[in-house]
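Note: hydrogens, waters and symmetry copies are ignored here, and every other heavy atom, side chains too, is used. Order of the sequence lines fixes the chain letters, A, B, ..., with proteins taken first and strands second; residue numbering starts at 1 for each chain.
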Protein chains: 2
Amino acid sequence: MDKTIDSIFKQYSTASMFELLHKKINEIITLTDEEFNYCRTAFTPRKLRKRQYLLQEGDVGKYQAFVEKGLLRSYKIDDKGVEHILQFAPEGWWVADLYSFFTDEPSSFNIEALEDSEVLLINKSSWDMLLQNVPKFERYFRVLLQNNLVATQRRLMGSLSETAEEKYLKYTQTYPDCMQRVPQHMIASYLGITRETLSRIRKQLSEKK
Amino acid sequence: MDKTIDSIFKQYSTASMFELLHKKINEIITLTDEEFNYCRTAFTPRKLRKRQYLLQEGDVGKYQAFVEKGLLRSYKIDDKGVEHILQFAPEGWWVADLYSFFTDEPSSFNIEALEDSEVLLINKSSWDMLLQNVPKFERYFRVLLQNNLVATQRRLMGSLSETAEEKYLKYTQTYPDCMQRVPQHMIASYLGITRETLSRIRKQLSEKK
DNA sequence: AAATAAGTGTGATCTAGATCAATTATTTTT
DNA sequence: AAAAATAATTGATCTAGATCACACTTATTT
């Protein structure tokens, strides 16, 4: 049947895989078809199953990953064995250990798929080539980094000044979509509080209103 | 006397003011003389006296500032009236409220000179022109932002996982120079602890060793 | 050289959130 | 559909660091 053939085609077509990346890039810079076609060659698609690691502590973070589908997280385990989540990365976001990527030092982060996911990977030499051959990408990444820095500074200031409840409320407002997709104890870990405290806060809030 | 004339000359000469900026830019990108001369025109030098504000909460952060001499801080005051320092900026560093600078929204930060200082200011339209006329600067700022993001992510993860003492020790190792120049209670505020706690930690450390 | 302001040190007390310990859902696997 | 693994809730207790309240030092101003 046509339907089957079509879905097989879709499964193997890389055309569809680059849709979101294309859209996202276009929001910041304007590329010619030729430039975008070159850009495609710089990336390798990869599928990840739920719980699969893209990067494990101790390895070098050889890739920056653009998330086409699914949801990943990057996190670190401290000396006491506690997990701290740096980032959730749903569709349209980038994840990587930038430090490890740029320095080739072993990473102290883990990056893991929280859902079955599809990512586009770019390694250091492809990335260097991309910037060299399409200098507009300097601007694209500059803008991404700018936004990311502003958001991270905000989160830092919040972590220094807000109560656990304030952090939670701000989080639910800022990332309402992630709420459904991420288990509670990971939200707690992202916020820098314990699962128990988050559970109590949610109870209080539901009673209050 | 020659000496007097010379020092008057130096005081008004802008040549010397751009030395550090030039050096810093050269560490990341290579500019022709022509390009750097254009770059100069984009900046306005300004002297700040100790305690003078470069930006006050509520105003729009119209400039990014490169510090040629002296030391500034950017900080925010929370709902309870407590100060939280985002950044110390000694010679060779940039300070700004990036969010306010890029969006034209009123800033929630204060930026203040902690010593008599000299800064080079660049406003939004000069900055846009600079990037347009010397696209290499996209790369320069991309690299700056990259490094800044990595450092801020580190600080965030630290603020979630380290004890007050660990934060202090890490700080003294990472910025030994700032220790002499910044009053203790501001270091506490940067670390997200109270002056009292920092004072006790320092006492303990001095007794221990 | 007073006078004023800014910064530091120390004790006594308090508290938000952590830790410990079970219990009860909810998913996932077989 | 049962067993196993993962998550979430709830109570009891503990603690790092905050808060409050002064005394003491060191810089700035006048």
Side-chain angles (χ1 to χ4, degrees), chain A residues 49-52 71 73 75 77-85 88 110 112-116 158-172 178-208, chain B residues 48-53 71 73 75 77-85 88 110 112-116 158-172 178-208:
Chain A
R49 289 221 305 272
K50 189 171 174 172
R51 280 197 200 139
Q52 192 179 339
L71 175 62
R73 77 207 257 237
Y75 67 98
I77 297 172
D78 71 21
D79 326 318
K80 297 123 206 161
V82 182
E83 281 182 17
H84 299 279
I85 295 179
F88 293 115
N110 298 282
E112 183 200 18
L114 297 181
E115 301 172 359
D116 292 346
S159 96
L160 298 180
S161 63
E162 293 162 3
T163 64
E165 182 174 319
E166 286 166 343
K167 284 175 201 171
Y168 175 67
L169 289 172
K170 188 164 151 196
Y171 178 81
T172 58
C178 265
M179 295 304 299
Q180 269 64 39
R181 297 168 73 179
V182 171
Q184 240 182 75
H185 73 272
M186 289 192 190
I187 296 175
S189 155
Y190 179 90
L191 297 176
I193 61 181
T194 58
R195 343 171 191 56
E196 291 96 329
T197 296
L198 181 54
S199 176
R200 283 184 253 263
I201 285 170
R202 284 167 51 92
K203 196 190 178 189
Q204 279 174 31
L205 287 171
S206 69
E207 283 166 357
K208 209 179 280 179
Chain B
L48 296 168
R49 290 222 306 272
K50 189 172 175 173
R51 280 196 201 138
Q52 192 178 340
Y53 284 105
L71 175 61
R73 77 203 257 237
Y75 67 99
I77 297 171
D78 72 21
D79 327 318
K80 297 121 206 162
V82 182
E83 282 181 16
H84 299 279
I85 295 179
F88 293 113
N110 298 282
E112 183 200 19
L114 298 181
E115 300 173 358
D116 293 344
S159 96
L160 298 180
S161 63
E162 294 163 2
T163 64
E165 182 175 320
E166 286 166 344
K167 284 175 201 172
Y168 175 67
L169 289 172
K170 189 165 151 195
Y171 178 81
T172 56
C178 265
M179 294 303 299
Q180 269 63 40
R181 298 167 74 180
V182 172
Q184 239 182 77
H185 73 272
M186 289 193 190
I187 295 174
S189 156
Y190 178 91
L191 297 176
I193 62 181
T194 58
R195 343 173 189 59
E196 292 95 330
T197 297
L198 181 53
S199 175
R200 282 184 254 263
I201 285 169
R202 284 167 50 93
K203 195 190 177 188
Q204 279 176 30
L205 287 171
S206 69
E207 281 166 356
K208 209 178 279 179

Between the protein and nucleotides 25-30 of chain D, which nitrogen or oxygen pairs are less than 3.5 angstrom apart?
residue: D:dT28; atom: OP1; partner: B:K50; partner atom: NZ; Å: 3.2

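Taking atom CZ of residue B:R195 and atom C1' of nucleotide C:dT10, one finds them 14 Å apart after rounding to whole Å. Between A:Q204 atom CD and D:dT9 atom C1' there is a gap of 14 Å when expressed in whole angstrom units. For the pair B:E83 CD and C:dG7 C1', the interatomic distance rounds to 13 Å; values are reported in whole Å. Atom-to-atom, CD of B:Q180 to P of C:dG7 comes out at 17 Å; the value is rounded to the nearest Å.
Not one N or O on the side chain of A:S161 forms a donor-acceptor pair closer than 3.5 Å with the backbone of B:D78. In this structure a side-chain-to-backbone donor-acceptor pair under 3.5 Å is missing from B:E162 to B:S159.
Here the shortest heavy-atom pairing between A:F88 and A:M186 reads CZ-O, 3.8 Å. For the residue pair A:K50 and A:D116, the shortest heavy atom distance occurs at N-OD1, 2.7 Å. B:E165 and B:I201 make their closest contact through N-CD1, 3.7 Å (heavy atoms, listed as atom of the first residue, atom of the second, distance).
Distances shorter than 4.0 Å separate some side-chain N or O of A:H185 from OP1 or OP2 on D:dA8. Taking 4.0 angstrom as the limit, A:Q184 places a side-chain polar atom (N or O) nearer than this to OP1 or OP2 of D:dT9.
Side chains of B:V182 and B:L71 form a contact here, defined as non-hydrogen atoms less than 4.5 Å apart. Between B:E166 and A:D79, some side-chain heavy-atom pair lies under the 4.5 Å cut-off.
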### Task
Would you give a per-nucleotide map of nucleotides 16-26 of chain C, 5' to 3', where B means the base has a protein non-hydrogen atom under 4.0 Å away, S means only the sugar-phosphate does, and - means neither?
-SSBB------
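If you take CZ on B:R202 and OG1 on B:T197, they are separated by 13.5 Å, rounding to the nearest 0.5 Å.
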